[in-house]
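Bear in mind the structure is a predicted one, so any value in this text is a computation, not a measurement. Just so we're on the same page: letters track the sequence lines, and every chain starts at 1.
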There are 2 protein chains.
Amino acid sequence: MALGRPRAFDIDTALNRALEVFWSKGFDGASLTDLTDAMGISRPSLYAAFGNKEDLFRKALDRYKTEKMAYINEALAAPTARTLAERLLFGAAAMLTDPSHPVGCLSVKGAMTCKDDSLIAKEELDQLRQSFETSIIDRLTRAIADGDLPPDSDPVVLQRFLGTVAMGMSLQASQGATAADLMAVARMALTAWPALR
Amino acid sequence: MALGRPRAFDIDTALNRALEVFWSKGFDGASLTDLTDAMGISRPSLYAAFGNKEDLFRKALDRYKTEKMAYINEALAAPTARTLAERLLFGAAAMLTDPSHPVGCLSVKGAMTCKDDSLIAKEELDQLRQSFETSIIDRLTRAIADGDLPPDSDPVVLQRFLGTVAMGMSLQASQGATAADLMAVARMALTAWPALR
DNA sequence: CTACATTCATACCAAACGGTACAGAAATGC
DNA sequence: GCATTTCTGTACCGTTTGGTATGAATGTAG
């Protein structure tokens with residue numbers, strides 16, 4: 001075992017609690033008191049284990065990315081562009097309204113509620129979003145080459161449409177929309193997807 | 001003229017400045033120092049003229065509603081459901097990226113950045129959104145009766161789709177999307193609109 | 001048992017927050 | 001000129017913010 005007094009809390013569950021607080025209150029909205037209360041630890045313990053508030057947010061975001069945004073990677077692995085769109089929108093509808101965690105999207109709420117633009121966490125959120133965007137655009141351009149999308153379709157516009165609907169669903173979920181509500185929105189959005197004729 | 005020492009600032013332009021600050025920083029993100037600096041007045045002058053911070057936000061929201069959300073009422077006055085959808089989405093794309101004021105939507109940014117749920121301003125934002133939603137739903141149900149929409153279409157779903165896309169466009173604008181970008185999204189969303197066959 | 005390393009709890013810090021007390025300044029009414 | 005009314009500027013209030021100094025507590029290594 002490591003030297004010194006052992007840590008009295010589980011660092012993994014504490015991070016999960018922090019993630020929930022950031023997720024439901026945003027970055028600025030989550031005070032250190034909110035965080036330490038939810039995590040069941042004191043301020044110095046938090047700083048010793050995670051760094052400052054921004055570091056903690058970044059670590060929570062990492063966990064969020066790998067655990068809660070997995071549906072995006074599943075969508076990227078879809079065999080066709082159509083199934084990519086389906087998995088993305090249906091997956092978003094399901095995740096955003098999953099009752100086992102706060103509603104909405106952490107990256108949306110987090111980016112909106114931090115006042116300082118020079119915040120490193122905000123840049124990281126931008127990077128995260130942009131990487132997903134370019135991945136989707138690349139996949140859709142490949143779909144055109146595969147004859148999987150009409151040759152005159154614009155991958156950038158298609159991606160932006162998907163992103164717009166997904167972000168809009170996040171706000172809808174924050175305002176109380178149910179999973180069924182968002183599924184209906186996803187179904188309607190998919191009727192705008194270009195058909196192979 | 002009224003009794004007492006005259007006010008040294010124009011109450012109307014001061015409110016416009018306050019609106020811009022709330023619009024770009026959100027409710028919590030806008031500090032009293034930000035507000036008084038932008039309005040060019042001192043704290044006591046602000047409180048004497050507008051009440052507290054929440055009252056000021058509400059008055060700024062009133063102005064926003066009548067001046068910047070006029071396109072929604074124009075959409076509601078459209079002759080057909082199809083033109084309603086067009087005016088709503090194209091109008092949103094234009095307003096959200098208008099360079100003469102902050103990008104995005106005040107009601108989205110304002111609702112997201114106030115931590116206290118018991119805030120009266122937040123309830124007012126909810127009311128505002130709900131009133132627009134029911135107005136659109138009513139208009140769309142009337143459109144079905146008019147034979148203006150297929151009889152099997154669901155006005156609630158159609159409204160939620162429009163609201164989702166509009167809110168998503170607000171976030172896209174906040175992240176730097178141009179007017180042309182949002183117009184393309186609006187055009188694609190409109191291809192999901194039910195056709196009369 | 002002692003030395004060492006690490007965590008814990010208390011108590012504190014400066015800064016920023018929303019909001020206000022108070023006195024002086026500028027107008028009107030008499 | 002004088003009382004009254006209203007606004008302005010300064011200086012302040014208590015609370016909350018993110019962040020930390022400090023010493024006791026608790027473990028391992030010798």
Side-chain angles (χ1 to χ4, degrees), chain A residues 1-15 17-19 21-22 24-61 110 112-122 124, chain B residues 1-15 17-19 21-22 24-61 110 113-122:
Chain A
M1 185 184 269
L3 226 65
R5 178 172 176 174
R7 185 172 283 123
F9 62 94
D10 183 33
I11 200 169
D12 230 49
T13 64
L15 184 56
R17 297 284 154 76
L19 170 58
V21 175
F22 280 129
S24 52
K25 300 199 168 193
F27 181 79
D28 277 346
S31 71
L32 281 182
T33 308
D34 293 332
L35 290 165
T36 53
D37 283 356
M39 301 165 83
I41 65 177
S42 66
R43 275 166 137 89
S45 299
L46 189 156
Y47 277 79
F50 300 102
N52 63 8
K53 185 183 178 183
E54 190 173 341
D55 292 333
L56 177 61
F57 179 80
R58 219 158 33 223
K59 283 166 184 164
L61 180 63
M112 191 134 278
T113 67
C114 75
K115 61 188 78 169
D116 197 349
D117 287 339
S118 69
L119 206 63
I120 306 178
K122 199 163 190 175
E124 195 153 345
Chain B
M1 187 184 269
L3 223 68
R5 178 173 175 172
R7 186 171 282 122
F9 62 94
D10 182 34
I11 200 168
D12 230 49
T13 64
L15 184 56
R17 297 285 154 76
L19 170 58
V21 175
F22 279 129
S24 53
K25 300 200 170 194
F27 181 79
D28 276 347
S31 71
L32 281 181
T33 308
D34 292 333
L35 290 166
T36 52
D37 282 358
M39 301 165 83
I41 64 178
S42 68
R43 276 162 133 93
S45 299
L46 190 156
Y47 276 80
F50 301 101
N52 62 7
K53 184 182 178 182
E54 190 173 340
D55 292 333
L56 177 61
F57 179 80
R58 223 162 24 228
K59 283 167 183 165
L61 181 63
T113 66
C114 74
K115 62 188 78 168
D116 197 349
D117 287 339
S118 69
L119 206 64
I120 307 178
K122 199 163 190 176

What is the distance, to the nearest angstrom, from the [atom1] atom on [X] to the [atom2] atom on [N]?
X: A/Tyr47; N: C/dC8; atom1: OH; atom2: C1'; answer: 17 Å
X: A/Leu46; N: C/dT6; atom1: CG; atom2: C1'; answer: 17 Å
X: A/Asp28; N: C/dC17; atom1: CG; atom2: P; answer: 11 Å
X: A/Phe50; N: C/dC8; atom1: CZ; atom2: P; answer: 11 Å
X: B/Leu56; N: C/dG19; atom1: CG; atom2: C1'; answer: 14 Å
X: B/Asp37; N: C/dA16; atom1: CG; atom2: C1'; answer: 14 Å
X: A/Leu32; N: D/dT17; atom1: CG; atom2: P; answer: 8 Å
X: A/Phe27; N: D/dT17; atom1: CZ; atom2: P; answer: 14 Å

Listed by chain and number, what are the side-chain contact (heavy atoms from CB on, under 4.5 Å) partners of B/Ser24, not counting sequence neighbours? B/Pro102
Report the residues that fulfil salt bridge (Lys or Arg N to Asp or Glu O under 4.0 Å) with A/Asp10, sequence neighbours left out, ordered by chain and then residue number. none
Under the rule for salt bridge (Lys or Arg N to Asp or Glu O under 4.0 Å), what residues qualify as partners of A/Asp55, not counting sequence neighbours? A/Arg58
Residues 33-41 of chain B side chain polar contacts: donor-acceptor under 3.5 Å, at least two apart:
unit_1	atom_1	unit_2	atom_2	d
B/Asp34	OD2	B/Lys25	NZ	3.4
B/Asp34	OD2	B/Ser31	N	3.2
B/Asp34	OD2	B/Ser31	OG	3.2
B/Thr36	OG1	B/Leu32	O	2.9
B/Thr36	OG1	B/Thr33	O	3.2

Going by salt bridge (Lys or Arg N to Asp or Glu O under 4.0 Å), name the pairs with one or both residues in residues 40-52 of chain B, residues two or more places apart or in two chains. none
Is the NZ or CZ atom of B/Lys122 both under 6.0 Å from the centre of the six-membered ring of B/Phe57 and within 45° of that ring's axis? no
Per-nucleotide protein contact string for nucleotides 5-16 of chain D, where B marks a base within reach and S marks sugar-phosphate only (heavy atoms under 4.0 Å, - for neither): BBBSBB------
